[in-house]
Amino acid sequence: MSVPSSEAKLRLVAPRAEPVPVVFDSPHSGKAYPADFGSIAPMAVLRRSEDAFVDELYSAAPDHGAPLIAAEFPRIYIDPNRDLVDLDPAMLDGPWAEPVVPSRKTELGVGLIWRLMPPDAQIYDRLLSVAEVQRRIDTCWRPYHAAVAGAIDDAHGRFGEVWHINCHSMPAMGNSGTEDGPVARAEFVLGDRDGTTCDPAFTAFVADQLRDLGYQVKLNEPYKGVELVRRYSDPAKGRHSLQVEINRKLYMDEERIERNGGFSTLKANMDRLIAAICAYARDRA
């Protein structure tokens with residue numbers, strides 16, 4: 001069963017099989033651009049920020065007993081994979097009442113509220129009002145986090161342990177506006193914040209599954225995992241979070257934002273990976 005929020009800000013697909021202690025979330029596949037966005041950038045530029053089709057690649061998760069949560073709003077509007085303090089106050093038309101601790105992501109223009117589409121496409125020609133930023137937080141960021149936290153808590157409460165997969169895609173190449181620079185990327189990058197967000201044995205298991213499927217895999221390079229795996233992980237208490245980045249060249253035309261000829265093969269392999277992860281969790285819980 002797919003359950004959208006009242007304003008279609010997110011989609012929660014419940015398990016269609018016997019539940020397992022696994023939760024999948026896709027925070028960056030949303031493409032419902034709100035009317036109040038007010039961006040000056042062309043839609044073709046804005047859409048480059050999307051983890052397009054990632055929710056489709058993981059759509060088999062409920063068939064194996066795991067919920068799938070997907071944002072409907074675009075990350076370039078507000079990014080659910082950022083902390084609320086990761087905000088650039090220079091973007092606002094007035095003082096922000098809450099603490100502000102800009103990270104390296106904000107310095108690059110891609111914090112909680114994106115300033116540009118890397119490497120240099122400006123998103124706004126105006127300051128954002130404090131009220132509109134607060135509205136984005138209340139209508140998008142908070143409901144998404146409530147859904148992810150709720151699903152993780154439910155699984156942990158039922159099984160005593162939970163494995164959370166944070167689902168992403170990445171451009172085939174970095175650029176001058178990214179932390180890794182203009183370099184080619186691996187086919188998959190697994191991020192566990194240097195072994196702190198999940199049991200390293202689980203990271204190794206997922207890496208081995210992908211390598212057995214013929215993919216090149218790197219760990220924590222260039223992506224270690226950001227807010228969602230940081231916030232909801234606690235391996236000592238049986239809460240394991242792993243970020244999975246898929247190279248877009250495997251399944252899509254990055255310029256046209258269309259599935260390419262590799263999509264069906266990758267989808268079949270992702271179904272196999274999902275089944276393996278769910279079996280791993282079932283056996284251990």
Using atom types as modelled and distance alone, determine if a side-chain donor or acceptor of T197 lies under 3.5 Å from a backbone N or O of S241. yes
Taking ring pair (Phe, Tyr, Trp, His ring centres under 6.0 Å) as the test, write out the residues that go with H145, two or more places apart. W141, Y232
Sidechain-backbone polar pair: S49 side chain, L46 backbone, donor-acceptor under 3.5 Å: yes
Could you tell me whether a side-chain N or O of S39 sits under 3.5 Å from a main-chain N or O of I123, the two making a donor and an acceptor? yes
Transitive ILVMFWY side-chain link L190 to V54, under 4.5 Å: yes
Residues that D93 engages under salt bridge (charged side-chain N to carboxylate O under 4.0 Å, His left out), provided they are two or more places apart: none
Results of salt bridge (charged side-chain N to carboxylate O under 4.0 Å, His left out) for D154 - residues two or more places apart only: none
Do the ring planes of F37 and Y77 sit parallel (below 30°), tilted (30 to 60°) or perpendicular (above 60°)? perpendicular
Sequence neighbours excluded and cut-off under 3.5 Å, please list the side-chain donor-acceptor pairs for residues 213-220, or say none.
| residue | atom | partner | partner atom | Å |
| --- | --- | --- | --- | --- |
| Y215 | OH | N269 | ND2 | 2.8 |
| N220 | OD1 | D192 | N | 2.9 |
| N220 | OD1 | R193 | N | 3.2 |
| N220 | OD1 | D194 | N | 3.4 |
| N220 | ND2 | D192 | OD1 | 2.9 |

Please say yes or no: joined through hydrophobic side-chain contacts below 4.5 Å, possibly via intermediate residues, are V162 and V229 part of one cluster? no
Give a yes-or-no answer on whether the side chains of D88 and T106 include a donor-acceptor pair shorter than 3.5 Å. no
Determine, stepwise, if the pair E56 / R259 fulfils salt bridge (Lys or Arg N to Asp or Glu O under 4.0 Å). CA-CA 11 Å; E56 288 187 49; R259 300 168 194 81; 2.5 Å; yes
Sequence neighbours excluded, every pair satisfying salt bridge (Lys or Arg N to Asp or Glu O under 4.0 Å) that has a member inside residues 120-132: R126-E132, E132-R136
If I take atom NE2 from residue H168 and atom CG from residue L228, how far apart are they, to the nearest 0.5 angstrom? 6.5 Å
Please go through V101's hydrophobic cluster and name the other residues, only I, L, V, M, F, W, Y counting, with side-chain heavy atoms under 4.5 Å joining them. V85
Sequence neighbours excluded - salt bridge (Lys or Arg N to Asp or Glu O under 4.0 Å) pairs with any residue from residues 271-285: K267-D271
Start with the C-alpha gap between M91 and W114, add the side-chain angles, then the distance that decides, and say whether side-chain contact (heavy atoms from CB on, under 4.5 Å) holds. CA-CA 9 Å; M91 294 180 66; W114 286 31; over 6 Å; no
Treat each ILVMFWY residue as a node, draw an edge where side-chain heavy atoms are under 4.5 Å apart, and state whether L108 and V45 are in one component. yes
Just to verify, which of I69, V244, I274 counts as forming a side chain to side chain contact (heavy atoms under 4.5 Å, CB included) with F24? I274
My understanding is that only residues two or more places apart in sequence, or in another chain, count here; which of them pass ring pair (Phe, Tyr, Trp, His ring centres under 6.0 Å) with H240? W163
Is a side-chain donor or acceptor of D253 paired with a backbone partner of N260 at a separation under 3.5 angstrom? no
List the steps and the verdict of side-chain contact (heavy atoms from CB on, under 4.5 Å) for L250 and F188. CA-CA 10 Å; L250 294 174; F188 280 83; 3.9 Å; yes
Start with the C-alpha distance between D79 and K105, add both sets of side-chain angles, then the distance that settles salt bridge (Lys or Arg N to Asp or Glu O under 4.0 Å), and finish with yes or no. CA-CA 11 Å; D79 196 332; K105 296 290 188 183; over 6 Å; no
Whether R239 side chain and H156 backbone form a donor-acceptor pair below 3.5 Å: no
Is there a side-chain contact (heavy atoms from CB on, under 4.5 Å) between Q209 and Y280 once you walk through the steps? CA-CA 11 Å; Q209 293 296 310; Y280 178 101; over 6 Å; no
Please answer whether the main-chain N or O of G225 pairs with a side-chain N or O of R230 as donor and acceptor at a distance below 3.5 Å. no
Looking at D51 and S169, would you say the former's side chain and the latter's main chain have a donor-acceptor pair under 3.5 Å? yes
Salt bridge (Lys or Arg N to Asp or Glu O under 4.0 Å) pairs touching residues 138-148, sequence neighbours excluded, are D138-R142
For C140, the option from R75, K9, E72 that meets side chain to side chain contact (heavy atoms under 4.5 Å, CB included): K9
Are L84 and L128 co-members of a hydrophobic cluster defined by side-chain heavy atoms under 4.5 Å apart? yes
Transitive ILVMFWY cluster of Y223 at side-chain heavy atoms under 4.5 Å: who else is in it? M170, V189
For R115, the side chain to side chain donor-acceptor pair (under 3.5 Å) test, sequence neighbours excluded, returns none
Validation row: V23, P67 side chains within 4.5 angstrom (heavy atoms): yes
Same cluster (ILVMFWY, side-chain, under 4.5 Å), I277 and F159: no
Looking at residues at least two apart in the chain, or sitting in another chain, which of them share a salt bridge (charged side-chain N to carboxylate O under 4.0 Å, His left out) with K31? none
